[in-house]
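All remarks here apply to the structure that follows.
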2 protein chains.
Amino acid sequence: METTVKTDRRILRSKQSIIKSFLELFSEKEFEQITINEIAERANVNRGTIYLHYSDKYDLLDKCIEDHINELISLCTKREAHKDKQGMVQDPKPIFDYFRDHFPFFSAMFSNQRVFLFREQLLNFISVNLMVKMKRPDNQPDIDHELKAQFMASAFIGIVEWWIRHQMPHSTQFMAEQVRNLFENNQVYTNH
Amino acid sequence: METTVKTDRRILRSKQSIIKSFLELFSEKEFEQITINEIAERANVNRGTIYLHYSDKYDLLDKCIEDHINELISLCTKREAHKDKQGMVQDPKPIFDYFRDHFPFFSAMFSNQRVFLFREQLLNFISVNLMVKMKRPDNQPDIDHELKAQFMASAFIGIVEWWIRHQMPHSTQFMAEQVRNLFENNQVYTNH
DNA sequence: AAACGCGTGTTGAATATTTAACGGCCGTTG
DNA sequence: CAACGGCCGTTAAATATTCAACACGCGTTT
């Protein structure tokens with residue numbers, strides 16, 4: 001509702017630059033080895049500027065993850081509003097497109113020790129998203145919805161991780177079809 | 001000699017950003033259609049900032065060309081200092097590497113009406129570079145050195161332009177070998 | 001004709017970022 | 001132990017950039 005008071009362009013550019021070089025470094029070396037100095041140097045940003053926006057490199061990593069999770073969320077909710085093709089269950093392709101378009105980030109995430117932070121949030125996002133899709137009256141022997149969502153979400157992430165780690169060997173279209181079939185087989189979707 | 005008083009990082013980042021989006025636009029549409037507003041918008045830079053560094057879009061284009069010409073010059077002179085492999089005649093590969101590494105720019109240059117500005121400066125750079133390589137006592141019927149340089153430089157640019165326009169169908173290594181042979185056949189190089 | 005939209009250059013005040021410096025901590029080297 | 005180098009996190013003053021607002025020209029619409 002409230003029109004977010006357009007943030008100063010300098011802030012946008014600084015953050016962009018900082019995040020970009022941080023992710024580069026993140027894919028090159030161990031997180032613990034990365035130094036604020038390096039990030040600033042590569043981003044052509046003063047060291048102080050980083051502290052102006054992030055309290056330390058852990059915070060920086062958190063913010064990066066947060067940003068992408070939020071993007072994914074808004075991607076889903078925006079599409080839900082659009083009536084015909086709802087959410088990530090009926091058409092997972094846009095989700096895969098997003099993964100593809102930000103390959104450097106997700107690739108770095110999946111090939112790093114600190115993946116746990118990330119996986120946890122991603123898993124939460126997916127399972128919540130699936131939960132609401134399973135509200136239909138179920139004539140099957142009652143399987144707990146939350147449990148099932150967790151199960152499917154974990155499976156979904158497993159596939160994504162495999163896909164990213166193998167340099168995206170299939171198109172997003174193909175992946176979307178596969179996932180949709182898997183979902184259908186497990187009766188996740190809602191309508192008739 | 002004088003250590004250039006390290007320019008403010010904000011200037012560096014702004015110029016980088018401006019030039020980047022300008023070149024993007026340059027490869028997308030006709031130069032005359034490009035507007036300062038567009039450049040600023042895409043670069044996440046205030047319109048005023050562009051005027052702070054460039055007087056108008058023509059100046060901006062000039063500066064872009066100038067930058068690359070200077071890079072090429074310093075690339076050659078630096079290598080001349082290094083004794084064993086001198087200049088662009090004995091080993092043109094680094095030159096081709098530079099073209100390859102800045103493909104977007106040169107590609108835009110060669111596929112645009114305004115190529116003339118660029119070609120003129122590039123031609124001048126090459127021919128001057130060749131001139132100094134032809135100082136040797138020549139037992140051939142006297143062909144004017146300047147004329148010959150112009151001739152060879154034009155030929156060189158022709159090859160580069162063909163290579164860029166065709167999306168670099170050969171490796172820089174291969175191109176360098178070809179060019180070196182052509183130079184030798186025309187007795188451009190100095191030492192026995 | 002007047003009114004409008006759109007791009008250009010240019011200003012002044014507000015603000016983000018830079019620079020250079022500080023003190024502190026830690027690991028290495030003498 | 002002392003000295004050093006490297007990174008940290010923070011500060012004050014200098015500076016580049018932003019924003020919003022001008023006035024201008026120019027083509028289009030009313």
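Numbers restart at 1 for each chain; the letters A, B, ... are given by sequence-line order, proteins then strands.
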When you compare the protein's N or O atoms with those of nucleotides 4-12 of chain C, which come within less than 3.5 Å of each other, and at what distance?
{"residue": "C:dT8", "atom": "OP1", "partner": "B:Ile36", "partner atom": "N", "Å": "2.9"}
{"residue": "C:dT8", "atom": "OP2", "partner": "B:Thr35", "partner atom": "OG1", "Å": "3.1"}
{"residue": "C:dT8", "atom": "OP2", "partner": "B:Ile36", "partner atom": "N", "Å": "3.3"}
{"residue": "C:dT8", "atom": "OP2", "partner": "B:Asn37", "partner atom": "N", "Å": "3.2"}
{"residue": "C:dG9", "atom": "OP2", "partner": "B:Tyr51", "partner atom": "OH", "Å": "3.0"}
{"residue": "C:dG9", "atom": "N7", "partner": "B:Arg47", "partner atom": "NH1", "Å": "2.9"}
{"residue": "C:dG9", "atom": "O6", "partner": "B:Arg47", "partner atom": "NH2", "Å": "3.3"}

Whole-Å gap separating [atom2] ([N]) and [atom1] ([X]):
X	N	atom1	atom2	answer
A:Glu41	C:dT19	CD	C1'	13 Å
A:Asn44	D:dA16	CG	P	15 Å
A:Asp8	C:dT17	CG	P	7 Å
A:Leu52	D:dA12	CG	P	14 Å
B:Ile50	D:dC19	CD1	P	13 Å
A:Leu12	D:dT17	CG	P	16 Å

Item to check | salt bridge (Lys or Arg N to Asp or Glu O under 4.0 Å) involving B:Glu161 - partner list, sequence neighbours excluded | outcome: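 Testing B:Glu161 for salt bridge (Lys or Arg N to Asp or Glu O under 4.0 Å), a comparison that skips the adjacent residues, returns B:Arg119, B:Arg165.
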Next on the checklist: Please enumerate all residues that pass salt bridge (Lys or Arg N to Asp or Glu O under 4.0 Å) together with B:Arg13, with sequence neighbours excluded.
Outcome noted: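 Not a single residue meets the salt bridge (Lys or Arg N to Asp or Glu O under 4.0 Å) criterion with B:Arg13.
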Checklist entry - Is a donor-acceptor contact shorter than 3.5 angstrom present between the side chain of A:Arg10 and the base of C:dT17? => result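 By the distance-only test, no, there is no pair.
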Next on the checklist: Between A:Phe99 and A:Trp163 (judged by ring centroids, cut-off 6.0 Å), do the two rings come close enough to count as a pair?
Outcome noted: no
Checklist entry - For A:Phe22, which residues count as a ring pair (Phe, Tyr, Trp, His ring centres under 6.0 Å) partner, sequence neighbours excluded? => result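 Per chain and number, A:Phe22 pairs via ring pair (Phe, Tyr, Trp, His ring centres under 6.0 Å) with A:Phe26.
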Item to check | Test side-chain hydrogen bond (donor to acceptor under 3.5 Å, both in side chains) applied to B:Asp62 - qualifying residues, sequence neighbours left out | outcome: none
Checklist entry - OP1, OP2 of D:dT17 versus side-chain N and O of B:His53: anything below 4.0 Å? => result yes
Show me, pair by pair, the donor-acceptor contacts under 3.5 angstrom made by side chains of residues 175-182 of chain A, not counting sequence neighbours?
{"residue": "A:Glu177", "atom": "OE2", "partner": "A:Gln173", "partner atom": "NE2", "Å": "2.9"}
{"residue": "A:Arg180", "atom": "NE", "partner": "A:Gln90", "partner atom": "O", "Å": "2.9"}
{"residue": "A:Asn181", "atom": "ND2", "partner": "A:Glu177", "partner atom": "O", "Å": "3.4"}

